[in-house]
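This report concerns only the one structure given below.
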Amino acid sequence: MCRMIFATGKFNTDWLIDDMIQMALDQNEKHEENARKVFKHEDGWGVCYLEDNQLKIIRSVKAFFADPQVDELRKIQTPLFILHTRHASKGKVDIHNVHPFEYRNEHSHYVFFHNGTIEDNLS
């Protein structure tokens, strides 16, 4: 399962990043999978935030806790911040498998995050 943090309003971006690093390293207090097993989320990460009324997205296939690009996130001032770290349960470590997923058309812009595996039962 992946890890996500969603924040709106006024918040400290440093705290969110530091907390996500702890979760991605599996150093948070509780874990739903197995208390005796290290369960790192090192298969990519993504962030979505609001800047000038536009959704901005950054994604990487590196581990959140080891990617130097993460420090740049600390400078972001925004009223909306969503972080996602991936533990690849299915699919390879590839930028196309890193959240957020994005959909745009001439009228809309959506971003999607999910936790777990979505099965394709339509085939």
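The analysis underlying the following values was restricted to heavy atoms, covering all of them including side chains, and did not include hydrogens, waters or symmetry mates.
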Val70 to Phe64 - nearest heavy-atom pair and separation: CG2-O, 3.3 Å
Hphob cluster co-occupancy, Val98 + Val47, side-chain heavy atoms under 4.5 angstrom: no
Among Glu102, His107, Glu106, the one residue meeting side chain to side chain donor-acceptor pair (under 3.5 Å) with Arg104: Glu102
Heavy atoms from other residues, nucleotides or ligands near OH of Tyr110 exceed 12 (cutoff 6.0 Å): no
From CA spacing to verdict: side chain to side chain contact (heavy atoms under 4.5 Å, CB included), Trp45, Arg86: CA-CA 6 Å; Trp45 62 270; Arg86 181 171 187 250; over 6 Å; no
Candidate pair Ile82 and Ile5, rule side chain to side chain contact (heavy atoms under 4.5 Å, CB included), full reasoning: CA-CA 6 Å; Ile82 307 168; Ile5 294 177; over 6 Å; no
Residue pairs, two or more places apart or on separate chains, that pass side-chain hydrogen bond (donor to acceptor under 3.5 Å, both in side chains) and touch residues 12-22: Asp14-Arg74, Asp18-Arg74
Heavy-atom pair with the smallest gap, counting every atom of Leu83 and Leu16: CD1-O, 3.9 Å
Lys75: salt bridge (charged side-chain N to carboxylate O under 4.0 Å, His left out) partners, not counting sequence neighbours: Glu72
Connected via hydrophobic side-chain network under 4.5 Å: Phe81 and Ile58: yes
Student check: side-chain heavy atoms of Leu25 and Met23 closer than 4.5 Å: no
Closest contact, heavy atoms only, Val93 versus Val61: CG1-O, 3.9 Å
Minimum side-chain heavy-atom gap Thr85-Glu42 below 4.5 Å: no
Reported CG-to-SG distance for the pair Asp43 and Cys2, which is rounded to 0.5 angstrom: 8.5 Å
His87 side chain vs Lys40 backbone, donor-acceptor pair below 3.5 Å: yes
Nearest heavy atoms of Phe11 and Thr78, plus distance in Å: CZ-O, 3.3 Å
Approximate separation, where rounding is to 0.5 Å, of Gln77 CD and Tyr49 OH: 11.5 Å
Distance-minimising heavy-atom pair for Leu73 and Ile17: CB-CD1, 3.6 Å
Closest contact, heavy atoms only, Gln69 versus Ser60: NE2-CB, 4.0 Å
Residue pair Arg3 / Met20, side-chain heavy-atom distance below 4.5 Å: yes
Side-chain touch His84/Pro100, heavy atoms, less than 4.5 angstrom: no
Distance-only polar pair, side chains of Gln54 and His109, donor-acceptor under 3.5 Å: no
